[in-house]
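First up is the structure itself, then whatever we jot down about it.
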Amino acid sequence: MDVTTDRVLTVPNAISAARLVLVPVFAVLLARRQDVAALVVLGVSGASDWLDGVLARRLGQVSKLGQVLDPAADRLFVLVTIVALAWRGVVPWWLVAVLVARDVALGVVQLVVVRAGWEPLPVHLAGKTATLMLLYAFPLLLLADLVSGGPAALPVLVTALGWATALWGVALYWTSGVFYLVQARQVLRGGAP
């Protein structure tokens with residue numbers, strides 16, 4: 001099991017902070033229709049999400065700040081990305097509603113847990129996997145939009161792969177949400193923290 005520290009200045013925290021900085025960069029690039037650059041930023045963000053967790057464990061730099069910063073960066077990137085892609089017409093607005101509804105519900109649950117005196121609920125493997133799938137799906141869907149005028153098989157293949165990954169990501173996103181609700185219920189029924 002990883003030892004959690006109070007350190008702030010760690011390599012994984014710097015990566016998560018950089019991912020937070022990339023959020024507005026991505027939004028501006030997509031709004032200006034600089035899609036290739038936006039695609040690169042989105043890809044870098046997805047890779048850095050995986051990298052910061054691996055480095056935290058391998059370097060023994062799991063920190064309390066990182067346990068908050070990493071999921072916050074993930075949530076913000078997912079939210080901004082899905083809204084920007086919907087605004088551009090790459091994905092439908094119902095996908096935004098489905099993802100935002102889950103995050104709002106779990107945000108309320110986390111507040112209730114913390115107000116009751118408990119630590120925030122730890123990130124679940126299903127939630128990490130869902131976020132990873134979504135962070136892979138979004139670049140694929142943007143790429144599908146970019147290559148839509150290309151050879152017929154390429155847009156169809158990229159679109160199918162993007163939507164398959166996105167829908168599995170959404171399913172896991174909500175499955176992890178149910179896990180968090182069950183976990184919160186157990187914590188809150190457990191009595192005093």
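The model shown is predicted, which means the values in this text are computed figures rather than measured ones.
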Who pairs with [X] by side chain to side chain donor-acceptor pair (under 3.5 Å), at least two apart in sequence or on another chain?
| X | result |
| --- | --- |
| Asp52 | Ser16, Arg19 |
| Ser63 | Asn13 |
| Ser45 | none |

With clusters defined by side-chain heavy atoms of hydrophobic residues (ILVMFWY) lying less than 4.5 Å apart, directly or transitively, does [Y] cluster with [X]?
| X | Y | result |
| --- | --- | --- |
| Val11 | Leu9 | no |
| Leu172 | Leu135 | no |
| Phe77 | Trp87 | yes |
| Met133 | Val78 | no |
| Val25 | Val36 | no |

Spacing of [X] atom [atom1] and [Y] atom [atom2] [to the nearest 0.5 Å]:
| X | Y | atom1 | atom2 | result |
| --- | --- | --- | --- | --- |
| Leu20 | Leu69 | CG | CG | 5.5 Å |
| Leu22 | Leu29 | CG | CG | 9.5 Å |
| Leu188 | Arg115 | CG | CZ | 12.5 Å |
| Leu76 | Thr81 | CG | OG1 | 8.5 Å |
| Leu181 | Gln183 | CG | CD | 10.0 Å |

_Taking every non-hydrogen atom, the tightest pair across Val90 and Leu141_ =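 Residues Val90 and Leu141, closest heavy atoms: CG1-O, 3.5 Å.
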*Determine the minimum heavy-atom distance between Gly127 and Ser176, stating which atoms define it.*
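So the two residues come closest at N-CB, 3.3 Å.
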Side chains of [X] and [Y]: closer than 4.5 Å at any heavy-atom pair?
| X | Y | answer |
| --- | --- | --- |
| Val98 | Tyr173 | no |
| Leu134 | Ile82 | no |
| Val123 | Gln67 | no |
| Leu132 | Tyr136 | yes |
| Val170 | Leu99 | yes |

side-chain contact (heavy atoms from CB on, under 4.5 Å) partners for [X], two or more places apart:
| X | answer |
| --- | --- |
| Ala84 | Phe26, Leu30 |
| Arg58 | Val54 |
| Val21 | none |
| Pro139 | Leu39, Leu42 |

Donor-acceptor contacts under 3.5 Å from residues 105-114 side chains, at least two apart:
unit_1: Gln110; atom_1: OE1; unit_2: Leu121; atom_2: N; d: 2.9
unit_1: Gln110; atom_1: NE2; unit_2: Leu121; atom_2: O; d: 3.4

*Got more than 12 heavy atoms from elsewhere within 6.0 Å of CD, Gln34?*
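Yes - once you tally the heavy atoms of other residues, nucleotides and ligands closer than 6.0 Å, there are more than 12.
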*asked:* For Trp93, I'd like to know if atom CH2 has over 12 heavy atoms of other residues, nucleotides or ligands within 6.0 Å.
replied: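 Counting other residues, nucleotides and ligands, CH2 of Trp93 exceeds 12 neighbours.
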_Could you check whether any side-chain N or O of Arg57 sits under 3.5 Å from a backbone N or O of Gly53, counting only pairs where one atom can act as donor and the other as acceptor?_
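Side chain of Arg57 to backbone of Gly53, a donor-acceptor pair under 3.5 Å: yes, one is there.
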*Counting N and O atoms only, with roles assigned by atom type, does the side chain of Trp118 sit under 3.5 Å from a partner on the main chain of Ala184, one being a donor and the other an acceptor?*
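Between the backbone of Ala184 and the side chain of Trp118 there is no qualifying donor-acceptor contact (under 3.5 Å).
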Please output the side-chain donor-acceptor pairs of residues 156-169 that fall under 3.5 Å, not counting sequence neighbours, one pair per line with the distance.
unit_1: Thr159; atom_1: OG1; unit_2: Pro155; atom_2: O; d: 2.6
unit_1: Thr165; atom_1: OG1; unit_2: Leu161; atom_2: O; d: 2.8

*Which of parallel (below 30°), tilted (30 to 60°) and perpendicular (above 60°) describes Phe179 and His124?*
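Plane angle between 30° and 60°, so tilted.
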Quick one: salt bridge (Lys or Arg N to Asp or Glu O under 4.0 Å) pairs with a partner in [range], sequence neighbours left out?
| range | value |
| --- | --- |
| residues 154-171 | none |
| residues 164-187 | none |
| residues 78-98 | Asp35-Arg88, Arg88-Asp145 |

